[in-house]
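Here's the structure we're looking at; comments come further down.
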Amino acid sequence: MKIIRDLKSLTEKFQNPVLTLGNFDGVHLGHQALFRKIVSRARKIHGTSIVFTFEPHPLKVLAPDRAPKLLNTFPSKMNLFADAGIDVVICAEFTRAFSEQSPEDFAQKILHEQLGVKEVYVGYDYAFGKRREGGIEALKKAGETCGFFVSMVDAVRVNGVVASSSAVRDLIASGKVREASELLGRNYTIEGTVVHGSHRGHTLGFPTANLNTQNELIPAYGVYAVTAQVDACRYQGVASIGVRPTFELGPVSIEIFLFDFDGDLYGKQMEVAFVQYLRKEKKFPDVQSLVLQMQKDVHEAKILLHHLPIAGKNA
């Protein structure tokens, strides 16, 4: 998959471009339906499947106080695009000047003149251009003028819930990672570097890896059954997110205990997939009570991870 970050210097001409537009935070089932559509159409007309997206998220520029905590880091989102079979990603730098384009200018100058698109597919709620004035009908009208076809892909529903980035964010923020996985089609993941912590886990018999992550959205405080990937190997384990109230240590930490692992993780990259919420974070009266609960957490997680299917590629 080719990633193009500088739209101004783009001179390459693509064969029969089939394109979708959006931020695609989370790459949930609705986004995946769009990607399948453009990939299949591109193959049918011997064309190029293109995702046109933005960095940073538009609200981080236009209304930072309302900007959401993102579900993906940029590298993880690009990996998910590649997994979907996308040929090219054009990631435009989103600035206030970029946002001031009219829908007509965006369609004419970028989609038609610069990219030469043949077909454009968007989600049911897509809007584009200055102040998001351009809806799907405006895009279709621009397509008629410029000579490209425009169509909409319907919302994807799971148990009556529309798969959307906001719905996934709400579930993750509430600790409902299993429900979120149903909208994502895979388990929610964060990634980062293992760093030194208090080393208290070693003394308790549960040596944990402390994760330093650039992910913005972290699941709610609590204990989770997880899988983790390190050096291309996948392990099962338990993750604890919170402020460690029994020891009143703070600040927020993400600690992962891997089953059947004996080695040095410091400095390594780790991807953690959240499979199931186990319990909320609580303050225990003493260390022995905490250790007993940790033993129960591990036992419960092993049962869950053994019997439950784990969604998507993060299994």
*I would like to know whether Val243 and Tyr221 meet side chain to side chain contact (heavy atoms under 4.5 Å, CB included); could you show each step before the answer?*
CA-CA 8 Å; Val243 295; Tyr221 290 1; 3.9 Å; yes

*Do Val18 and Val117 pass the side chain to side chain contact (heavy atoms under 4.5 Å, CB included) test, and can you show the C-alpha distance, the side-chain angles, and the key distance before you say yes or no?*
CA-CA 6 Å; Val18 180; Val117 297; over 6 Å; no

*Does the side chain to side chain contact (heavy atoms under 4.5 Å, CB included) test come out yes or no for Leu10 and Ile90, once each step is laid out?*
CA-CA 9 Å; Leu10 176 61; Ile90 298 174; 4.1 Å; yes

*asked:* Pair Ser253, Glu255 - check side chain to side chain donor-acceptor pair (under 3.5 Å), show working.
replied: CA-CA 6 Å; Ser253 66; Glu255 300 181 64; 3.3 Å; yes

*asked:* For Leu258 and Met270: C-alpha separation, side-chain torsions, deciding distance, then whether side chain to side chain contact (heavy atoms under 4.5 Å, CB included) applies.
replied: CA-CA 11 Å; Leu258 301 181; Met270 178 184 290; 4.2 Å; yes

_If you apply the rule salt bridge (charged side-chain N to carboxylate O under 4.0 Å, His left out), what do you find for Glu281 with Arg244, and how did you get there?_
CA-CA 8 Å; Glu281 183 182 44; Arg244 295 169 288 183; over 6 Å; no

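Counting all heavy atoms, side chain and backbone alike, Ala42 lies closest to Ser49 at CB-N, 3.6 Å. Leu278 approaches Ala301 most closely through the heavy-atom pair CD1-CB, 4.1 Å. Considering every non-hydrogen atom in both Leu211 and Val272, the closest pair reads CD2-CG2, 4.1 Å.
Salt bridge status for Arg279 with Asp297: present, with a side-chain N to carboxylate O gap under 4.0 Å. Residues Glu216 and Arg169 are not paired through a salt bridge, judged by the lack of any N-O separation under 4.0 Å between the basic side chain and the carboxylate.
Remark: side-chain polar atoms of Arg186 are paired, donor with acceptor, to backbone N or O of Leu184 under 3.5 angstrom. The main-chain N or O of Asn72 is never found under 3.5 Å from a side-chain atom of Ser76 such that the two would form a donor-acceptor pair. Although no hydrogens or angles enter the test, the distance criterion places a donor-acceptor pair under 3.5 Å between the side chain of Gln114 and the main chain of Leu7. With Asn187 contributing its side chain and Val275 its backbone, the two residues share no donor-acceptor pair below 3.5 Å. Looking at Thr213, its side chain does come within 3.5 Å of a backbone N or O of Asn215 through a donor-acceptor pair. Thr189 places no side-chain N or O within donor-acceptor distance of the main-chain N or O of Glu271, the cut-off being under 3.5 Å. With hydrogens and angles disregarded, no donor-acceptor distance shorter than 3.5 Å links the side chain of Asp25 to the backbone of Ser165. When atom types are taken as modelled, the side chain of Asn23 and the backbone of Thr53 share no donor-acceptor pair closer than 3.5 angstrom. With hydrogens and angles ignored, the 3.5 Å screen pairs no side-chain donor or acceptor of Asp231 with any backbone N or O of Cys233. Between the side chain of Gln276 and the backbone N or O of Val226, no donor-acceptor pair lies under 3.5 Å.
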N/O donor to acceptor pairs below 3.5 angstrom from side-chain atoms of residues 141-157, sequence neighbours left out:
from, atom 1, to, atom 2, distance (Å)
Thr145, OG1, Lys141, O, 3.2

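For the 3.5 Å distance criterion, the side chains of Glu191 and Gln269 fail to qualify, holding no donor opposite an acceptor. With no hydrogens or angles considered, a side-chain donor-acceptor pair links Ser289 and Asp286 at under 3.5 Å.
Centroid-to-centroid, the aromatic rings of Phe106 and Phe52 come within less than 6.0 Å. Outside the 6.0 Å centre-distance limit, the rings of Phe259 and Tyr235 are not counted as a close aromatic pair.
Residues satisfying the side chain to side chain contact (heavy atoms under 4.5 Å, CB included) criterion with Ser240, sequence neighbours excluded, are Val223.
The cationic group of Arg5 lies under 6.0 Å from the six-membered ring centre of Phe74 and within 45° of the ring axis, placing it in a cation-pi geometry.
A side chain to side chain contact (heavy atoms under 4.5 Å, CB included) with Ile38 holds for exactly one of Asp87, Val51, Leu19; it is Val51.
The 12-atom threshold is exceeded at CD of Glu113, counting heavy atoms of other residues, nucleotides or ligands nearer than 6.0 Å. Environment of CD in Glu55: crowded, with over 12 heavy atoms of neighbouring residues, nucleotides or ligands closer than 6.0 Å.
Between Ile241 and Tyr224, the closest side-chain pair of non-hydrogen atoms falls below 4.5 Å.
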